[in-house]
S.K.: 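Sharing a structure here in structure tokens format.
Residue numbers begin at 1 in each chain, while the letters A, B, ... track the order of the sequences.
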2 protein chains.
Amino acid sequence: MILRIPMLNRAQPLARSHSNAQDHILAERKRREKLTQRFVALSALIPGLKKMDKASVLGDAIKHIKYLQESVKEYEEQKKERTMESMVLVKKSQLVLDENHQLSSSSSEGNRDCSSSNLPEMEVKVSGKDVLIKILCEKQKSNLIKIMAEIERLGLSITNSSVLPFGPTFDISIIAQKTSDFDMKVEDVVKSLSCCLS
Amino acid sequence: MILRIPMLNRAQPLARSHSNAQDHILAERKRREKLTQRFVALSALIPGLKKMDKASVLGDAIKHIKYLQESVKEYEEQKKERTMESMVLVKKSQLVLDENHQLSSSSSEGNRDCSSSNLPEMEVKVSGKDVLIKILCEKQKSNLIKIMAEIERLGLSITNSSVLPFGPTFDISIIAQKTSDFDMKVEDVVKSLSCCLS
DNA sequence: GTTTACACGTGAGAC
DNA sequence: TGTCTCACGTGTAAA
């Protein structure tokens, strides 16, 4: 904003040609038009604007910008906090269904303690020569490669795999078959994969 | 903003008392002062403001508000994606594989039934508009059709699916998205799917 | 000299 | 009724 102190000296009015004066009027008109247009555009961006006069538009625009900047600031702080503690926000609640499909909470019974589990979430099952590996991990392509490489390294032969993007994560399911080289316990497979992801 | 169409009729200038005219001038002066002050306040909130004229202040204020609103929107979407709900369905007579790949029952009621009647095993997670459904069930094609049909019936739109044959079972993973029709809790989804498989 | 931007006083509509 | 707000034309000053 250019704040000028006005001169009140009108002793000698400036001589101006007709065309010049008209140009001046026109230019000023154009300027006002632009300003008014922007006032309208600005007011359109402010939610819950009641009074539409210029002063109110400016005032509420100021309030709204302050509010938005505050919001962004909060979000950024939250983001910083989150990256510090990885993905603790994953909230799980486990329910158990009995044969009549009645729901009952089993958090105290504790088949699995899910509340404390972090990513990667992992599950390995074995049925005969088949091995089923399920992993929920952060959405990074390097993770997928690491996992596959590790599985093959352990003496398993991948026969089928599925990678589904799910929110900020990959839901990975892999079917593998034991080769003659493979001689591990399930928990060691979990351990190895968990290690190579961290 | 009150946009008025100006009247150019100056045939009869309104008679005004001296004090009235002076009041008018003063009031208008005050109004302009307020506007100018708010322009200054507004310009102070805009980072990287180069040109300080009123039009630029308004224009950049508009841009900045749009930018901030976009930022807030993104943050809120990220936040939605992060809040993840999860529900695990495990029947009371759960089978567990020990290290020697021997089947043993973990049921507290001493259920030693080692058949696959404990299926289906089910897990439903929600992340924003995404829904992840994982089911381990008997290897019957009818099961797959039942599940898919039920999911669509509930108001979910399947975007990706994976069916992996695993021993005597199917390991099914499905990613779906909520449609406008969908309004269910995770546990109800588990319940519905569990019902339609039994 | 031209362009651009500002504050001013003023008449008039809106509430 | 006054009070508020607006657009207008104008003079002026800096770029």
Side-chain angles (χ1 to χ4, degrees), chain A residues 1-70, chain B residues 1-70:
Chain A
M1 289 279 300
I2 303 166
L3 294 182
R4 251 189 293 103
I5 302 127
M7 268 281 275
L8 295 180
N9 180 11
R10 308 229 174 145
Q12 288 169 325
L14 202 75
R16 223 178 205 141
S17 74
H18 246 349
S19 60
N20 258 351
Q22 286 307 103
D23 281 357
H24 186 35
I25 293 178
L26 222 66
E28 179 63 13
R29 221 185 289 226
K30 202 170 180 180
R31 173 181 164 270
R32 277 197 303 263
E33 214 170 89
K34 187 161 76 176
L35 279 176
T36 304
Q37 172 195 331
R38 300 209 171 168
F39 264 105
V40 174
L42 180 59
S43 65
L45 293 178
I46 305 170
L49 187 56
K50 297 173 75 175
K51 303 185 71 183
M52 293 288 276
D53 64 275
K54 293 184 177 179
S56 299
V57 170
L58 285 180
D60 288 6
I62 292 172
K63 284 184 197 167
H64 194 234
I65 287 187
K66 281 182 181 171
Y67 164 75
L68 287 175
Q69 286 177 338
E70 201 60 32
Chain B
M1 289 281 298
I2 304 165
L3 293 182
R4 251 188 294 102
I5 301 127
M7 268 282 274
L8 295 181
N9 182 11
R10 307 228 174 149
Q12 287 170 324
L14 202 74
R16 225 181 206 139
S17 75
H18 219 29
S19 60
N20 257 351
Q22 285 309 99
D23 281 356
H24 185 34
I25 293 178
L26 220 68
E28 180 64 15
R29 222 185 288 223
K30 202 170 180 180
R31 173 181 162 271
R32 277 198 302 266
E33 214 169 88
K34 187 162 76 177
L35 280 176
T36 305
Q37 172 196 329
R38 301 210 170 167
F39 264 104
V40 174
L42 181 58
S43 65
L45 292 178
I46 305 170
L49 186 57
K50 297 173 76 173
K51 303 185 70 182
M52 292 287 277
D53 65 275
K54 293 184 178 180
S56 299
V57 170
L58 285 180
D60 287 5
I62 292 171
K63 283 183 197 166
H64 194 235
I65 287 187
K66 281 182 181 171
Y67 165 75
L68 288 174
Q69 287 177 339
E70 202 61 35

S.K.: What are the two closest heavy atoms between B/A61 and B/L42, and how far apart are they?
M.R.: CB-CD2, 3.9 Å

S.K.: Can you tell me the distance, in whole Å, between the CG atom of A/D53 and the C1' atom of D/dC6?
M.R.: 10 Å

S.K.: Whole angstrom is fine here: how far is it from NZ in B/K54 over to P in C/dC6?
M.R.: 6 Å

S.K.: Could you state the CE-C1' distance from B/M52 to D/dA15, rounded to the nearest angstrom?
M.R.: 17 Å

S.K.: Taking all non-hydrogen atoms of both residues into account, name the closest pair between A/D53 and A/S56 and its distance.
M.R.: OD1-OG, 2.7 Å

S.K.: Please name the pair of heavy atoms, one in A/R38 and one in B/A55, separated by the smallest distance, quoted to 0.1 Å.
M.R.: NH1-O, 2.6 Å

S.K.: Quick check on C/dT4: is either OP1 or OP2 less than 4.0 Å from any side-chain nitrogen or oxygen of B/K51?
M.R.: no

S.K.: Output the rounded distance in Å from CZ (B/F39) to C1' (C/dC6).
M.R.: 11 Å

S.K.: In whole Å, I'd like the distance from the NE2 atom of A/H24 to the P atom of C/dC8.
M.R.: 15 Å

S.K.: Rounding to an integer number of Å, can you tell me how far B/K50 NZ sits from C/dT4 P?
M.R.: 18 Å

S.K.: Is it true that A/R32 and A/E28 make a salt bridge, defined as a side-chain N closer than 4.0 Å to a carboxylate O?
M.R.: yes

S.K.: For residues B/Y67 and B/E70, determine if any side-chain heavy atom of one lies less than 4.5 Å from a side-chain heavy atom of the other.
M.R.: no

S.K.: Rounded to whole angstrom units, what separation is found between the CD atom of A/E33 and the C1' atom of D/dC6?
M.R.: 15 Å

S.K.: Taking CG from B/L35 and P from D/dT5, how many angstroms apart are they, rounded to a whole number?
M.R.: 9 Å

S.K.: Which of residues 25-32 of chain A sit near DNA chain D, with a heavy atom under 4.0 Å from it?
M.R.: A/I25, A/E28, A/R29, A/R32

S.K.: Are the side chains of A/V40 and A/V57 in contact, using a 4.5 Å heavy-atom criterion?
M.R.: no

